[in-house]
Amino acid sequence: MKIGLINNLYKPYNRGGAERIVELMATELRQSGQTVFIISTKPRTRKDLEESGVYYLESSYSDLSKWPYLKRLFWQLGNLVNLKKYHQVSNILKKEQPELIISHNLMGLGLLIPLAIKKSSARHIQVLHDIQLLHPSGLMYFGQEKILKSVMAKIYQRVTAVMFSSQVIIVSPSKWLLNLHLSCGLFKKNKKLVIANPFSDGKPAAARSKSFIFVGQLEYHKGLDLFAAAAARFTDYNFLVVGDGSLKDITETSNLKLLGRKNPENVSQLLSDSLALIIPSRCYENSPTVIYEAAAVKTPVIAANLGGIPELIERFGGLLFEPDNLDSLIMAITEFIAKGVSSPPLPINENYTQKILAQL
């Protein structure tokens with residue numbers, strides 16, 4: 001079967017968990033004998049060592065966070081009806097003639113892409129990763145849940161609901177994210193299911209260093225400042241930061257170390273060597289891939305009680321703390337040091353793509 005994967009970012013321009021999931025999906029599909037091509041975007045100002053079999057369409061999406069509010073607003077309006085990307089994707093699909101399209105995040109490619117897929121006559125599966133179809137920002141901060149109920153958000157949700165016909169199969173990694181979309185009026189007539197994210201297998205370490213680790217985008221919404229503040233309270237432990245982003249120049253201290261971006265193998269090794277993974281997000285998370293990666297090397301998790309995270313803590317174990325609350329995070333770390341947390345059971349890495357293809 002020829003299968004097209006669509007996501008707004010892909011390596012070497014990747015920066016988050018959704019891109020990692022698309023990469024793992026492409027690998028699984030190819031290993032099972034499927035023919036795979038990928039449609040994604042790339043920054044206008046960069047040309048890195050790009051992957052073969054990937055159509056990179058130029059987009060300003062990667063630079064969006066650096067723009068002033070008004071400029072971002074006009075960009076978002078254009079993203080709703082991006083005719084250029086619609087025609088580019090339509091032409092690719094006409095050339096490739098796929099039997100199935102699995103789409104992921106579409107921000108930067110435009111919300112007309114589902115119509116291009118429908119025009120191609122390919123079957124269509126949409127995988128959810130965040131709230132991009134409910135709010136153009138794709139982010140919802142703790143305490144700001146009302147943004148989904150604003151007049152503009154409701155209009156936006158009606159538009160996105162129209163784009164996904166009842167023939168599109170919806171896959172969500174968490175019950176929380178699927179139920180949130182349903183509560184906003186999306187996917188009422190679609191076939192929908194919850195399938196846990198794929199992950200890479202790892203090797204648990206025989207011994208661990210006195211380190212806590214943060215893995216993710218170095219941004220305010222990920223709570224990096226909370227992680228750094230906690231490091232200042234536990235000077236007998238190292239706090240390791242893995243990732244890249246606008247806060248990459250945060251000041252290092254004697255026990256706060258910035259390691260930059262790492263490949264998946266190095267991330268797995270660092271997780272395996274650490275006492276616990278800390279996820280201090282201020283924004284609602286769906287089903288963070290890094291929690292699966294931590295479980296694969298039997299590393300406990302201390303995480304903010306938001307979105308789909310509690311579902312993973314229930315599955316793998318760990319500690320939850322109140323979001324955007326440094327005192328609560330410190331209490332959780334203190335409890336972990338005093339009592340410890342049982343190492344999570346090694347998760348079974350079931351074939352993610354087989355589960356999805358079984359829905360056709």
Side-chain angles (χ1 to χ4, degrees), residues 16-17 130-131 139-145 173-177 179-180 197 208-243 245 247 250 253 255-258 267 270-271 273-345 347:
D130 54 30
I131 64 164
L139 292 175
M140 181 169 66
Y141 284 83
F142 176 67
Q144 298 181 9
E145 295 79 7
S174 70
K175 295 177 183 177
W176 168 80
L177 188 62
N179 290 335
L180 185 65
N197 282 333
R208 299 180 185 271
S209 62
K210 292 182 64 175
S211 301
F212 294 98
I213 189 169
F214 171 103
V215 179
Q217 296 178 43
L218 309 191
E219 304 291 349
Y220 175 79
H221 66 270
K222 292 293 187 178
L224 178 59
D225 57 312
L226 294 173
F227 185 80
R233 303 287 189 96
F234 297 93
T235 55
D236 291 338
Y237 294 83
N238 287 321
F239 283 68
L240 309 179
V241 177
V242 177
L247 301 181
I250 190 171
T253 66
N255 72 324
L256 179 68
K257 307 298 181 184
L258 305 183
V267 170
L270 288 165
L271 285 168
D273 291 340
S274 299
L275 291 174
L277 167 70
I278 295 180
I279 301 181
S281 293
R282 289 185 171 90
C283 67
Y284 278 80
E285 298 276 7
N286 169 24
S287 191
T289 306
V290 70
I291 294 182
Y292 296 86
E293 306 287 359
V297 293
K298 297 183 74 65
T299 296
V301 176
I302 302 171
N305 188 3
L306 275 177
I309 290 177
E311 295 176 37
L312 295 182
I313 296 300
E314 181 179 354
R315 177 180 175 184
F316 298 127
L319 293 175
L320 294 170
F321 63 91
E322 185 179 344
D324 201 13
N325 187 322
L326 178 59
D327 290 338
S328 182
L329 171 57
I330 290 171
M331 287 176 61
I333 297 173
T334 301
E335 179 182 347
F336 176 85
I337 293 172
K339 302 178 181 179
V341 174
S342 299
S343 296

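Basis for what follows: all heavy atoms, side chains included, without hydrogens, waters or symmetry-related copies. All values reported here derive from a predicted model rather than from experimental measurement.
- Between the CZ atom in Phe212 and the CG atom in Asn255 there is a gap of 11.0 Å [rounded to 0.5 Å].
- Leu226 and Asp324 get closest at one heavy-atom pair: CD1-CA, 4.0 Å.
- With values rounded to the nearest 0.5 angstrom, Leu240 atom CG is found 11.0 Å from Leu277 atom CG.
- Shortest non-hydrogen contact noted between Gly308 and Trp176 is N-CE3, 3.7 Å.
- With hydrogens and angles ignored, the 3.5 Å screen pairs a side-chain donor or acceptor of Asn197 with a backbone N or O of Ser287.
- Between Glu285 and Lys222, at least one side-chain N (NZ, or NE/NH1/NH2) sits under 4.0 Å from a carboxylate O, which counts as a salt bridge.
- Nearest heavy-atom pair across Leu275 and Phe336 is O-CZ, 3.5 Å.
- The two residues Leu256 and Ala228 come nearest to each other via the heavy atoms CD2-CB, 3.8 Å.
- Side-chain atoms of Asp130 never come within 3.5 Å of backbone atoms of Asn286 as a donor-acceptor pair (strictly under, hydrogens ignored).
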Original post:
Is there a side chain to side chain donor-acceptor pair (under 3.5 Å) between Arg233 and Thr334 once you walk through the steps?
Top reply: CA-CA 10 Å; Arg233 303 287 189 96; Thr334 301; over 6 Å; no
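- For the residue pair Ala304 and Phe321, the shortest heavy atom distance occurs at N-CE2, 3.4 Å.
- Note: Leu139 CG to Arg282 CZ = 12.5 Å, rounded to the nearest 0.5 Å.
- Between Ala230 and Ile333 the shortest heavy-atom distance is CB-CD1, 3.9 Å.
- Results of the side chain to side chain contact (heavy atoms under 4.5 Å, CB included) test with Ile313 over Ile279, Ile302, Leu319, Val301 single out Val301 as the only residue that passes.
- Here the side chain of Arg208 pairs a donor or acceptor atom with the backbone of Ser274 at under 3.5 angstrom.
- Listed for the Glu322 side chain is no donor-acceptor partner under 3.5 Å among the backbone atoms of Asn305.
- Contact of the Phe239 side chain with the Ile213 side chain is not registered, since no non-hydrogen atoms from C-beta on lie closer than 4.5 Å.
- Taking CZ of Phe214 as the start and OG of Ser281 as the end, the distance is 7.0 Å to the nearest 0.5 Å.
- The number of heavy atoms from other shown groups lying within 6.0 Å of NZ (Lys210) is above 12.
- Leu306 is not listed as a side-chain neighbour of Cys283, based on a closest heavy-atom distance of 4.5 Å or more.
- Here the side chain of Glu311 pairs a donor or acceptor atom with the backbone of Lys175 at under 3.5 angstrom.
- Under a 3.5 Å cut-off, the side chain of Glu219 and the backbone N or O of Gln217 do not form any donor-acceptor pair.
- Put simply, the side chain of Arg315 reaches to within 4.5 Å of the side chain of Tyr292, judged on heavy atoms.
- No side-chain donor from either of Ser209 and Asp273 sits under 3.5 Å from a side-chain acceptor of the other.
- The CD1 atom of Ile291 sits 12.5 Å away from the OG1 atom of Thr299 when rounded to the nearest 0.5 Å.
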Subject >> Derivation of the side-chain contact (heavy atoms from CB on, under 4.5 Å) call for Val290 and Leu271 >> reply: CA-CA 9 Å; Val290 70; Leu271 285 168; 4.3 Å; yes
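- Here the CD1-OH distance, from Ile131 to Tyr284, works out to 10.0 Å after rounding to the nearest 0.5 Å.
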